Amino acid sequence: MTLDIDLTTQDALKKTVAQAAVDYTLGKINIDSIVGIGTGSTANFFIDLLASHKNKFRGAVASSEASERILKHHGIEVYDLNSANEVAIYIDGADETNQYLELMKGGGGALTREKITAAVAQEFLCIADESKWVEHLGNFPLPIEVIPMARSHVAREVVKLGGDPVYRQGIITDNGNVILDIHHLHPIASACAMEEKINHITGVVTNGIFAIRPADILLLGTKDGVKTLYPAKR
Ligand code: 5RP
């Protein structure tokens, strides 16, 4: 099987967009600020580039144990979200984004802590390469974090919504739960409605649609440079 994405180019776009995000973030924070940090390869590029500015802010809240390890490796202070009065800005990647900056997230399985950090942050900055831009969410299978004993129940309920759940084998989330990836939901006509419907299934902790709280701003890495995008008006 061949991938139709040039990974070298994709990584270059991720790095470029991560640098643009560092520049943007530095304009928003001060020495007392706590920054929310997402999870995934784009977020990792961001952390690596932010590290040389670590004396310009107080520290970070991490959306996963993986990101926490990288932050600590760079000597960036990591705070528990409960002890952070305020998160000035949350920076994270996405698996898909539409023009309303509604996102599909959770490819790395960190969706619950990502959604919590995004909910708390004053501003949510999404960083992505152009392969993530879509008209409608749902081609990327929708990750759902599920309490382990509810796995089969949630899977049956998701089938009633027209989805095709696949158990992500061998993965336990940072919260001790399992992930179901829901295929064949594309096109998701109303991302908010689907996010709510899935949240209401008993046993679901979180789902990977970030539409009720979308991103506030998107830095999109394209071959023509980094585009700064705001949510489209409906
Ligand atoms: C992790 C996520 C990531 O933001 C998403 O999977 C994008 O990852 P990458 O930056 O590696 O393409 O939601 O749970």
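Numbering starts at 1 and runs along the sequence shown. Both ligands and their constituent atoms are indexed starting at 1 by order of listing. Keep in mind it's a predicted model, so treat the numbers as computed, not measured. When reading the values below, keep in mind they use all heavy atoms of this one structure, side chains included, and skip hydrogens, waters and symmetry mates.
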Chi angles and distances behind the salt bridge (Lys or Arg N to Asp or Glu O under 4.0 Å) call for E195, K105: CA-CA 12 Å; E195 183 177 0; K105 288 186 49 56; over 6 Å; no

Sub-3.5 Å N/O-N/O distance, G108 and ligand 1: yes

Closer than 3.5 angstrom, by distance alone: can the side chain of T97 be matched with the main-chain N or O of W133 as a donor-acceptor pair? no

Out of E114, K105, K115, who gets a non-hydrogen atom closest to atom 14 (O) of ligand 1? E114

Measure D129 to ligand 1 on non-hydrogen atoms and call it side chain, backbone, both or neither using the 4.0 Å cut-off. neither

Mind checking whether P143 contacts ligand 1 via backbone (N, CA, C, O), side chain (CB onward), both or neither, at a 4.0 Å heavy-atom cut-off? neither

Using a 3.5 Å cut-off on N or O atoms only, is G93 in polar contact with ligand 1? yes

Which residue and heavy atom of the protein sit nearest atom 12 (O) of ligand 1, plus the separation: K132 NZ, 2.6 Å

I'd like to know if G38 contacts ligand 1, where contact means a heavy-atom distance under 4.0 Å to any ligand atom. no

Donor-acceptor pair, distance only, cut-off 3.5 Å: does the side chain of K115 make one with the backbone of I209? yes

For the backbone of N139 and the side chain of E96, can you confirm whether one donor and one acceptor N or O come within less than 3.5 Å of each other? yes

How are the rings of Y90 and F124 set to each other: parallel, tilted or perpendicular (split at 30° and 60°)? tilted

Measure the distance from atom 3 (C) of ligand 1 to every protein heavy atom, then report the residue, atom name and distance (to 0.1 Å) of the closest one. T39 O, 3.2 Å

Without swapping roles, check the side chain of S67 against the backbone of S64 for a donor-acceptor pair under 3.5 Å. no

Could you find the nearest protein heavy atom to atom 10 (O) of ligand 1 and give me its residue, atom name and distance? T42 OG1, 2.5 Å

